[in-house]
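Here is the structure we will look at.
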Amino acid sequence: MGRGDLTDAEWERLRPFLPVSNRRCGRWRDHRQVIDGILHRVRTGVQWRDLPERFGPWETVYERHRLWSADGTWERLLQQVQAAADAAGEIDWDISVDSTIVRAHQHAAGAHRPAAGTRVKGGRRGGTPGRNAVAEPGRPSGGGGAGSEGLGRSRGGFTSKVHLSADGRCRPLSLIVTAGQRADCTQFKPVLDKIRVPRPGPGRPRKKPDSLAADKAYSNGLVREYLRRRGIRHTIPEKTDSQAARRRKGSRGGRPPGFDKGRYRKRNTVERSINRLKQFRAVATRYDKRRYVYLGTATAAALAIWLRT
């Protein structure tokens, strides 16, 4: 077993949830060998072509990662591991929300999109995936391009931004990738809506935390109204300009929002979760051209964190 590979205990936790080949398109290469190859690349940031031979053909490892990123397999595996932890009472539902900027490597630019009428994998023409093609996220209206792949310009240069929520034990619960210049508050609702921890047996998945902490980037009326509507206790500091505007209105300004200093101190858990994620070099620097592939990379890193903590 190489450094960073799945241990026997980690493999046994993950094995029951892995997809099974339908045998119509041939046998899949051993899941454990391929997952070890994917985790090696996520941990080291090595180019796919330079994967060590012990992981098998690099094309197989890359294609499995791309496929599982596109069809949501990585996210389902993460949810199942979270569900097992929740059933054992190992999730601290006092969560925190934040985001982090990720510098994009020059190799992340230039994602190819087949023009209409051109041949693509699967034998069909562009715009209509064939039987063997993987369905990919559609191009958004209004141009698309680098922005649709979660790439943009911020103070850090050519960047992406990872928005996430983390439990009280510094483990990511949900992840979203946007362009680097996107404001944190615009992704607050999608990040919370993406929390989905299945329960053992029948019943709806758990989506509501016990409490939430966030910094001033999330201090606005829409965020607070959303949290009140869902009945989520929250601790978010009020911005200085919001305080001044409220005081100028006098009694019409209303009461200041509640603020629990002790609960806010626990917000460091999301910062530590980000630090754990960025121990994986393919997360700390984005090399993937496609947004969904990079999200799969970050989700695979989050899965490794859950398996090893």
Side-chain angles (χ1 to χ4, degrees), residues 72 75-76 78-100 161-178 182-243 245-246 253-277 295 298-299 302 305-306 309:
E75 294 185 356
R76 287 192 293 272
L78 178 61
Q79 289 173 0
Q80 292 299 330
V81 171
Q82 290 172 346
D86 190 39
E90 296 175 354
I91 295 183
D92 183 347
W93 283 99
D94 290 331
I95 74 168
S96 301
V97 177
D98 206 350
S99 71
T100 181
K161 183 178 282 191
V162 178
H163 307 260
L164 73 156
S165 60
D167 78 335
R169 297 185 179 181
C170 313
R171 298 171 296 187
L173 285 169
S174 60
L175 299 157
I176 285 178
V177 175
T178 67
R182 292 298 297 274
D184 292 0
C185 60
T186 62
Q187 303 304 309
F188 181 80
K189 185 175 181 295
V191 167
L192 283 195
D193 289 345
K194 204 171 180 182
I195 297 175
R196 187 181 181 87
V197 178
R199 301 178 190 270
R204 296 180 179 179
R206 176 161 185 175
K207 303 181 70 176
K208 181 180 175 181
D210 293 334
S211 67
L212 179 144
D215 60 21
K216 290 184 178 181
Y218 302 93
S219 179
N220 62 48
L222 293 176
V223 168
R224 295 183 191 276
E225 175 59 29
Y226 170 76
L227 292 170
R228 284 194 291 266
R229 187 168 63 251
R230 290 191 57 186
I232 299 175
R233 295 185 293 111
H234 54 279
T235 299
I236 303 175
E238 191 178 17
K239 293 181 180 179
T240 304
D241 57 346
S242 299
Q243 293 177 2
R246 176 173 49 79
R255 296 178 179 178
F259 183 75
D260 184 346
K261 290 184 178 180
R263 174 66 183 89
Y264 191 69
R265 290 193 188 100
K266 289 185 66 178
R267 197 188 68 83
N268 69 82
T269 54
V270 71
E271 305 286 355
R272 290 153 63 190
S273 178
I274 291 170
N275 186 47
R276 282 182 173 180
L277 276 175
L295 178 59
T299 306
I305 291 172
W306 278 88
T309 53

State whether D92 and K266 are salt-bridged, where the test is any N-O pair (Lys NZ or Arg NE/NH1/NH2 against Asp/Glu carboxylate O) under 4.0 Å.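 Salt bridge present between D92 and K266.
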Measuring from atom [atom1] of [X] to atom [atom2] of [Y], what distance do you get when rounded to the nearest 0.5 angstrom?
X    : Y    : atom1 : atom2 : result
I232 : L227 : CD1   : CG    : 5.5 Å
R76  : T299 : CZ    : OG1   : 12.0 Å
H163 : D98  : NE2   : CG    : 10.0 Å
K207 : S174 : NZ    : OG    : 10.5 Å
T186 : L222 : OG1   : CG    : 11.5 Å

Min side-chain heavy-atom separation [X]-[Y] under 4.5 Å:
X    : Y    : result
R267 : T235 : no
N220 : F188 : no
R171 : Q82  : no
I305 : L277 : yes
R228 : H234 : yes

What are the two closest non-hydrogen atoms of [X] and [Y], and how far apart are they?
X    : Y    : answer
P237 : A214 : CD-O, 3.2 Å
P209 : W93  : CB-O, 3.4 Å
L164 : V191 : C-CG1, 3.8 Å
R169 : R276 : O-NH1, 3.5 Å
R263 : I95  : NH2-O, 2.6 Å

Okay, side chain of [X], backbone of [Y]: is any donor-acceptor separation there less than 3.5 Å?
X    : Y    : answer
S96  : A166 : no
K161 : S99  : no
W306 : L173 : no
S273 : T269 : no
R206 : K208 : yes
D167 : C170 : yes
T100 : V162 : no

side-chain contact (heavy atoms from CB on, under 4.5 Å) partner of V97, chosen from V270, I236, L192, V223: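 The residue from V270, I236, L192, V223 that satisfies side-chain contact (heavy atoms from CB on, under 4.5 Å) with V97 turns out to be L192.
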Any pair with a residue in residues 189-202 that passes side chain to side chain donor-acceptor pair (under 3.5 Å), sequence neighbours left out, goes on the list, sorted by first then second residue, please.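 Found E75-K194, K189-D193, D193-Y226.
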